[in-house]
Amino acid sequence: MLKHCALMELGYLGDCFGRPAGIAYPWDAPGASLDDNLDFYATADESMADVLDLAHRAFAHADATVEALDLDARGFVPWWGPEGREVTLDQIIVHLAVDEARHAGHMDVLREQLDGSVGLRRAGDNLPEQDERWWADYVVRLHAIADAR
């Protein structure tokens, strides 16, 4: 998710406002995979340090764009199709905030599946006072609802 968010901020808060960062996108590299999801995972030749470096540089460039431009600055999003391509900086900031919040939710669900901890606090003390059996039944019920859709 970090790589995805970094590349999205790089595109939306760089290229779309005529402020390219000079940072290469993975899909533009010679011999790059045609995989549309290259931003959602580290490739075999990318280390954690590589992804962290990309994120630091991309977020710094995005921050510089937000600091340099007025909220009503005009941008252009070519991948949004013929409708809705022209945007303002404030629209893009909201778009990115919503997108990144949604992805943070995805990551929280994955974390819950890994460590079993749920809720806002490690102890889960913001959840209803129920026993483990209740919680297990609740999870089964939610899975059944999701599977039925």
Side-chain angles (χ1 to χ4, degrees), residues 1-17 21 23-29 32-67 69 71-73 75-149:
M1 286 299 145
L2 180 64
K3 182 179 175 183
H4 170 71
C5 291
L7 290 168
M8 292 306 96
E9 287 201 19
L10 194 63
Y12 282 111
L13 293 172
D15 299 333
C16 291
F17 288 92
I23 300 171
Y25 294 95
W27 43 81
D28 292 337
S33 164
L34 296 177
D35 183 348
D36 286 338
N37 290 321
L38 280 174
D39 54 327
F40 281 106
Y41 62 91
T43 61
D45 59 338
E46 285 178 309
S47 67
M48 176 63 81
D50 294 331
V51 174
L52 289 172
D53 179 60
L54 167 68
H56 288 295
R57 292 183 299 134
F59 295 147
H61 186 75
D63 288 347
T65 296
V66 171
E67 290 172 12
L69 301 178
L71 288 176
D72 61 354
F76 183 77
V77 184
W79 53 86
W80 280 7
E83 297 298 321
R85 289 182 177 190
E86 190 172 315
V87 295
T88 59
L89 180 59
D90 63 332
Q91 288 173 311
I92 292 302
I93 291 170
V94 170
H95 173 78
L96 286 168
V98 169
D99 187 61
E100 291 178 11
R102 185 170 43 92
H103 290 314
H106 297 151
M107 297 304 294
D108 195 43
V109 168
L110 292 174
R111 185 211 33 88
E112 287 174 2
Q113 290 177 349
L114 289 172
D115 69 12
S117 178
V118 296
L120 296 174
R121 298 175 200 88
R122 187 78 181 142
D125 59 348
N126 64 319
L127 295 174
E129 293 184 23
Q130 303 292 344
D131 62 18
E132 287 184 34
R133 182 73 219 156
W134 178 91
W135 186 253
D137 291 342
Y138 176 74
V139 170
V140 168
R141 190 169 72 243
L142 293 181
H143 279 276
I145 292 168
D147 291 342
R149 293 186 185 255

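We're numbering straight along the sequence, starting at 1.
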query: What do the steps show when you test L13 against I92 for side-chain contact (heavy atoms from CB on, under 4.5 Å), and what is the final call?
result: CA-CA 8 Å; L13 293 172; I92 292 302; 3.8 Å; yes

- request: Go through the structure and list residues passing side-chain hydrogen bond (donor to acceptor under 3.5 Å, both in side chains) with D45, not counting sequence neighbours.
  value: T43

- request: Kindly indicate, with the supporting measurements, whether the criterion side-chain contact (heavy atoms from CB on, under 4.5 Å) is fulfilled by V87 and W80.
  value: CA-CA 10 Å; V87 295; W80 280 7; 3.4 Å; yes

- line: One should read off an interatomic distance between Q91 CD and E86 CD, to the nearest 0.5 angstrom, of 9.0 Å

Exercise answer: donor-acceptor pairs, residues 56-64 side-chain atoms, under 3.5 Å, sequence neighbours excluded:
| unit_1 | atom_1 | unit_2 | atom_2 | d |
| --- | --- | --- | --- | --- |
| R57 | NE | D53 | OD2 | 3.0 |
| H61 | NE2 | R19 | O | 2.5 |

query: Does any pair with a residue in residues 95-105 pass salt bridge (charged side-chain N to carboxylate O under 4.0 Å, His left out), and if so which ones, sequence neighbours excluded?
result: D99-R102

- prompt: Out of curiosity, I23 CD1 to L10 CG, how far, rounded to the nearest 0.5 Å?
  reply: 5.0 Å

field: Y12 versus W79, closest heavy-atom pair with distance
entry: OH-NE1, 3.0 Å

task: State which residues pass ring pair (Phe, Tyr, Trp, His ring centres under 6.0 Å) with Y138; sequence neighbours excluded, sorted by chain then number.
output: W134, W135

field: Which residues share a salt bridge (Lys or Arg N to Asp or Glu O under 4.0 Å) with D50, sequence neighbours left out
entry: none

task: Could you tell me which residues satisfy side-chain hydrogen bond (donor to acceptor under 3.5 Å, both in side chains) with R133, sequence neighbours excluded, listed by chain and number?
output: D137

- prompt: Can you pull the salt bridge (charged side-chain N to carboxylate O under 4.0 Å, His left out) pairs that have at least one residue in residues 88-98, sequence neighbours excluded?
  reply: none

query: Taking all non-hydrogen atoms of both residues, which atom of T65 and which atom of L89 are closest, and how far apart?
result: O-CD2, 4.4 Å

query: Rounded to the nearest 0.5 Å, what separation is found between the CG atom of D15 and the OH atom of Y25?
result: 3.5 Å

field: Shortest non-hydrogen separation from A55 to A6 and the atoms involved
entry: CA-CB, 3.7 Å

statement: Sequence neighbours excluded, the answer for side-chain contact (heavy atoms from CB on, under 4.5 Å) partners of V94 is V98

- prompt: To the nearest 0.5 Å, what is the distance between CG (L7) and CG (L54)?
  reply: 5.0 Å

